[in-house]
Amino acid sequence: MNKISLLIILIFTLTSCFQKEDYTPKPKTYLRLDVSQPQYILHNDNSLPYKFEYPDYGKIEKVENNPLAKHWLNINFPEFGCMLYLSYKDIKGDIRLDKLVNDSYTFLKEHQKLSSGIIEREYRDDNKKVYGYAFEIKGKEVASPYQFYLTDSNNHFVRGAIYFDFKVNNDSLMPIIERLNTDLNHLISTFEFTK
C-alpha cells in the first residue's frame, strides 16, 4: 500500500512539472499622471521689455547677479520637475538677428541625436509684431522637448527652452509634455514686446 501511495505521489509530482503554461510577460507600465487645466496669469513686469501669460502652476524666477542676463527669467514648474529658461537679447551693434536665430538652431541640433523628429511651427502676429518658431522635439530621452524663439525683427529677441530636473523618459511624461506644449503655445500667442 505504501509503495502504491508513493508511486501515485511521484507520478503526480512529475506530471505537474511537465504541464506547459503559456507565459506572457506583462508590458512595461508607467505612472498615471493626471494634469488639470490651468488658469493663465499675465506677467507684465515694467522692468522687462515684454509681457505674456503663463500657467498658474508656474513660478516666475528672475535671473539675478548676472550682468549678461539682463531681462532674463525662468518659469519653474516644481509640480512637474522642470523649468522654462527665457533668455533675452537686444538686437544692436554686433548682436545681429541672423546670429541669434542661427544660435537657436545650433542649440536645437544638440537634441537631434536623441530625437525621433522635430515639429517646427512658425508663429507670426503682424498686429503685435511678434515673429518666431516653436519646436516640439520628439523622442524618448530628449532633454528639452520644447524650444522656441520670438523676435520683433528689429530690437528684441527671446529664446525659450524647457528642461527637466532629472533623466527623462518622455513616454512616461507624455501627459506633462502635452500640457506644457499647450501652455507654452498659449504663452507664445499672448507674447508682446512692450518697449
Side-chain angles (χ1 to χ4, degrees), residues 27-38 40 43 50 52-61 63 68-69 71-89 91 95-125 130-153 156-191 193:
K28 197 181 232 184
T29 59
Y30 301 104
L31 294 173
R32 178 183 168 147
L33 300 170
D34 290 322
V35 183
S36 60
Q37 177 70 30
Y40 295 104
H43 183 70
Y50 54 86
F52 57 85
E53 291 183 3
Y54 68 100
D56 59 358
Y57 60 86
K59 294 180 179 13
I60 300 284
E61 299 175 357
V63 176
L68 299 175
H71 305 310
W72 291 25
L73 57 88
N74 301 325
I75 304 176
N76 188 1
F77 301 109
E79 181 181 342
F80 299 150
C82 61
M83 180 96 69
L84 174 68
Y85 297 90
L86 285 173
S87 58
Y88 172 86
K89 295 280 186 181
I91 301 171
I95 300 174
R96 298 186 345 244
L97 178 60
D98 61 334
K99 181 174 179 347
L100 295 170
V101 170
N102 285 337
D103 288 347
S104 293
Y105 279 96
T106 300
F107 290 128
L108 189 63
K109 283 181 185 176
E110 290 178 16
H111 301 281
Q112 277 184 319
K113 54 189 159 217
L114 296 175
S115 163
S116 61
I118 297 175
I119 299 172
E120 184 175 337
R121 219 175 6 85
E122 181 181 17
Y123 179 77
R124 180 182 191 100
D125 187 328
V130 178
Y131 314 97
Y133 280 88
F135 307 95
E136 286 182 46
I137 307 164
K138 304 292 184 180
K140 186 176 179 179
E141 296 178 356
V142 171
S144 176
Y146 194 95
Q147 297 185 17
F148 64 89
Y149 70 84
L150 299 170
T151 182
D152 67 351
S153 299
H156 308 288
F157 185 89
V158 170
R159 182 179 176 281
I162 193 127
Y163 284 92
F164 285 91
D165 300 334
F166 48 85
K167 186 175 186 300
V168 294
N169 180 347
N170 290 343
D171 289 345
S172 62
L173 296 175
M174 193 51 64
I176 291 172
I177 291 171
E178 288 174 356
R179 174 79 268 151
L180 288 167
N181 286 354
T182 299
D183 294 337
L184 294 178
N185 286 335
H186 181 85
L187 183 150
I188 291 169
S189 70
T190 60
F191 198 94
F193 293 105

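Both backbone and side-chain heavy atoms feed into the values below; hydrogens, waters and symmetry mates do not.
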In this structure, OG of Ser87 is separated from CG of Leu68 (nearest 0.5 Å) by 11.5 Å
In this structure, CD of Glu110 is separated from CD of Gln147 (nearest 0.5 Å) by 8.5 Å
Run the side-chain contact (heavy atoms from CB on, under 4.5 Å) check on Phe80 and Ile162 step by step: do they pass? CA-CA 11 Å; Phe80 299 150; Ile162 193 127; over 6 Å; no
Find the distance between CD1 (Ile95) and CG (Leu97) and round it off to the nearest 0.5 Å. 12.0 Å
Go through the structure and list residues passing salt bridge (Lys or Arg N to Asp or Glu O under 4.0 Å) with Asp56, not counting sequence neighbours. none
Does one side chain, of Glu53 or His186, offer a donor that lies under 3.5 Å from an acceptor on the other? yes
Examine the side chains of Asn76 and Glu61 and answer whether a donor and an acceptor come within less than 3.5 Å of each other. yes
Test of understanding: with salt bridge (Lys or Arg N to Asp or Glu O under 4.0 Å), list the residues that count as partners of Arg121, not counting sequence neighbours. none
Distance-minimising heavy-atom pair for Cys82 and Asp165: N-OD2, 3.9 Å
Of the non-hydrogen atoms in Asn74 and Leu86, which two are nearest, and what is the gap between them? OD1-N, 4.0 Å
Are Phe193 and Val130 close enough, and set up right, to give a side-chain contact (heavy atoms from CB on, under 4.5 Å), and what steps lead you there? CA-CA 8 Å; Phe193 293 105; Val130 178; 4.0 Å; yes
With sequence neighbours left out, write down each residue that passes ring-ring contact (aromatic ring centres under 6.0 Å, His included) with His71, or none if nothing qualifies. Tyr88
Does any non-hydrogen side-chain atom of Glu79 lie less than 4.5 Å from one of Tyr57? yes
Quick check on the 6.0 Å ring-centre criterion: do Tyr131 and Tyr133 meet it? no
For His156 versus Thr151, what's the shortest heavy-atom pair and its separation? O-OG1, 2.6 Å
Regarding Glu120 and Tyr105, do their side chains bring together a donor and an acceptor under 3.5 Å, going by distance alone? yes
Distance from Thr106 atom OG1 to Asn102 atom CG, nearest 0.5 Å? 6.5 Å
Tyr85 and Arg159, any side-chain heavy atoms less than 4.5 Å apart: no
Using 30° and 60° as the class boundaries, would you call the ring planes of Tyr50 and Phe52 parallel, tilted or perpendicular? parallel
Test salt bridge (Lys or Arg N to Asp or Glu O under 4.0 Å) applied to Asp103 - qualifying residues, sequence neighbours left out: Lys99
Criterion side-chain contact (heavy atoms from CB on, under 4.5 Å) on Phe77 and Ile176, from CA distance to verdict: CA-CA 11 Å; Phe77 301 109; Ile176 291 172; over 6 Å; no
Taking only residues two or more places apart in sequence, or in another chain, which ones meet Tyr146 in a ring-ring contact (aromatic ring centres under 6.0 Å, His included)? none
Got a second to check how far His43's NE2 is from Thr190's OG1, nearest 0.5 Å? 11.5 Å
Should Leu100 and Ile91 count as side-chain neighbours, where that means a heavy-atom distance under 4.5 Å? yes
What class does the angle between the rings of Tyr149 and Phe157 fall in, given that below 30° is parallel, 30 to 60° is tilted and above 60° is perpendicular? parallel
Using side chain to side chain donor-acceptor pair (under 3.5 Å) as the criterion, list what pairs up with Glu136, not counting sequence neighbours. Lys138, Asn181
Less than 4.5 Å apart, any side-chain heavy atom of Phe148 and any of Ser104? no
Tell me the closest heavy-atom pair linking Gly58 and Ile75, and the distance in Å. CA-CG2, 3.9 Å
Measuring centre to centre across the rings, with the benzene-like ring taken for any Trp, is Tyr123 within less than 6.0 Å of Phe191? no
Look at the side chain of Ser144 and the backbone N and O of Ala161, then say whether any donor-acceptor pair between them is shorter than 3.5 Å. no
